[in-house]
Amino acid sequence: TFAKFIGSLSGSLGVIVFVTFAVSVIQMLGGLVGNLSYRKDNLFPGIKAILGSALFGTIAFAMTVIGIFRFTYEDADLGIATFIVLFSIFPGTLFDWLFFKNNFNIRQWFGAGIFLLSGYAVLNFPAFEALLSLPPWVWLSAIIALLLAVNELITRLISSSLKTNPLVYNFWVGLFTVFIAIIYLTIMNQWHSVAELSPKIFFISVIMGIVIFVMISFKFLSYKVGGTIASKKIIMQGTYLITAMIAGLIFFNEPFTLGKVIGILGFFTAFSLINNEVWQVVKIKLLKSN
């Protein structure tokens, strides 16, 4: 929601990168101050964790910039864009299978088919010709979905092998993202974009930084207690989808179509079939009801 506000307020790539810079500074300082004040863990968790954080930060930088830039297009729909990002479930499930030996059975493939049909419904049942000429913001959202799955993999790999606390992780991710933003703004001579930064955009940037800091912290903690890439999405992404649809309706007057309703229902149905842990719970509930 904040990304769409900023995207609609400024189409300047320099402003968007500076917003990313401001968000990352909040994340970095939050991790540093929080660790020094409360946890007091070693800020140098090892080369593997630092390199993983560097890769995560690089991808996070791209995701943040693209995530804001897609909303510079006037027809960008927050609810639809959010649903497209949920397609990260497919590469995420593939990563679960390749790296953590989680198999994909017929039931899960059926769920994947329902998910694809739900995406078609969310797009308001477009003709085949329209699918071939989707607007740029749709493809940008698809890129975010892929990058999100990659960062989920990085987070889980690091958390499963190291004892790093999320505050240290936030510090390093924020540090590398700040570094990349500074390089871009300097090389492209875009520091003048700061002059375009209205108080409203700056305030939203600070809020975004706090949100991302909390999100990454809890994401990291969920993996430390045994979460999988897929299982976490039914809660996080389900909430993400519903609230984005509502926010689009309330703040941006986006239509709440029948296709979006079908998409929400289809998402939970598909995920119940795709995720083994959720499926076991569903089976128990069905057996008890019978």
Any chain of hydrophobic side-chain contacts (each under 4.5 Å) joining [X] to [Y]?
X      : Y      : answer
Leu146 : Leu241 : no
Leu117 : Ile106 : no
Val261 : Ile264 : yes
Tyr240 : Ile144 : yes
Val33  : Phe44  : no

Do you know the tightest heavy-atom contact between [X] and [Y]?
X      : Y      : answer
Ala270 : Gly111 : CB-O, 3.2 Å
Asp75  : Pro135 : OD2-CB, 3.9 Å
Ala247 : Thr1   : CB-OG1, 3.4 Å
Gly52  : Ile154 : O-CG2, 3.5 Å
Ile16  : Val65  : CG2-O, 3.7 Å
Ala145 : Ser88  : O-CB, 3.0 Å

Pairing residues for [X] by the ring-ring contact (aromatic ring centres under 6.0 Å, His included) criterion, not counting sequence neighbours:
X      : result
Phe256 : none
Phe203 : none
Phe2   : none
Phe125 : Tyr120

Under 3.5 Å: donor-acceptor pair, side chain of Thr186, backbone of Ile183: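 Judged by distance alone, no pair lies under 3.5 Å.
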Polar side-chain atom of Lys4 near backbone of Gly248 as donor-acceptor pair, under 3.5 Å: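 A pair under 3.5 Å: no.
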Results of side chain to side chain contact (heavy atoms under 4.5 Å, CB included) for [X] - residues two or more places apart only:
X      : value
Thr177 : Thr20, Ser24, Phe61, Val173
Asn253 : none
Gln108 : Phe104, Asn105, Asn276
Leu175 : Met28, Phe171, Trp172

Within the structure provided, determine whether [X] and [Y] are in side-chain contact (heavy-atom separation under 4.5 Å).
X      : Y      : value
Tyr73  : Leu140 : yes
Val23  : Val19  : yes
Phe18  : Ser12  : no
Thr82  : Met245 : no
Leu78  : Phe252 : yes
Thr72  : Trp137 : no
Arg70  : Pro136 : no
Tyr169 : Ser53  : yes

For the [atom1] atom of [X] and the [atom2] atom of [Y], what is their distance to the nearest 0.5 Å?
X      : Y      : atom1 : atom2 : result
Met63  : Leu148 : CE    : CG    : 4.5 Å
Leu123 : Ser118 : CG    : OG    : 11.0 Å
Leu258 : Asn124 : CG    : CG    : 8.5 Å
Leu185 : Ile180 : CG    : CD1   : 12.0 Å
Leu86  : Phe271 : CG    : CZ    : 9.5 Å
Leu29  : Asn170 : CG    : CG    : 11.5 Å

Distance-only polar pair, side chains of Ser272 and Trp279, donor-acceptor under 3.5 Å: no
Pairs touching residues 54-69 that satisfy side chain to side chain donor-acceptor pair (under 3.5 Å), sequence neighbours left out: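 Counting only pairs at least two positions apart or across chains, no side chain to side chain donor-acceptor pair (under 3.5 Å) contact touches residues 54-69.
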Residue pairs fulfilling side chain to side chain donor-acceptor pair (under 3.5 Å) with at least one residue in residues 257-270, sequence neighbours excluded: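 Counting only pairs at least two positions apart or across chains, the side chain to side chain donor-acceptor pair (under 3.5 Å) contacts touching residues 257-270 are Asp77-Lys260.
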Worked check of side-chain contact (heavy atoms from CB on, under 4.5 Å) between Leu32 and Leu43: CA-CA 8 Å; Leu32 178 63; Leu43 280 175; 3.6 Å; yes
Aromatic contact, Phe56 with Phe176 (centres under 6.0 Å): no
Within the 6.0 Å centroid threshold, strictly below: Tyr184 and Phe21: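 No: the rings miss the under 6.0 Å criterion.
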Shared-cluster residues of Leu51, by chain and number - hydrophobic side chains joined below 4.5 Å: Ile47
side-chain contact (heavy atoms from CB on, under 4.5 Å) assessment of Phe71 paired with Phe5: CA-CA 8 Å; Phe71 292 120; Phe5 272 125; over 6 Å; no
Steps toward side-chain contact (heavy atoms from CB on, under 4.5 Å) verdict (Ile242, Phe268): CA-CA 11 Å; Ile242 293 173; Phe268 286 103; 3.8 Å; yes
Taking only distance into account, with no hydrogens and no angle test, what donor-acceptor pairs under 3.5 Å do side-chain atoms of residues 204-211 form with protein atoms, sequence neighbours excluded?
from	atom 1	to	atom 2	distance (Å)
Ser205	OG	Ile201	O	2.8

Heavy atoms from other residues, nucleotides or ligands near CH2 of Trp191 exceed 12 (cutoff 6.0 Å):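 It does: Trp191 CH2 has more than 12 such atoms within range.
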Derivation and outcome, side-chain contact (heavy atoms from CB on, under 4.5 Å), residues Leu116 and Phe87: CA-CA 9 Å; Leu116 290 173; Phe87 275 90; 3.5 Å; yes
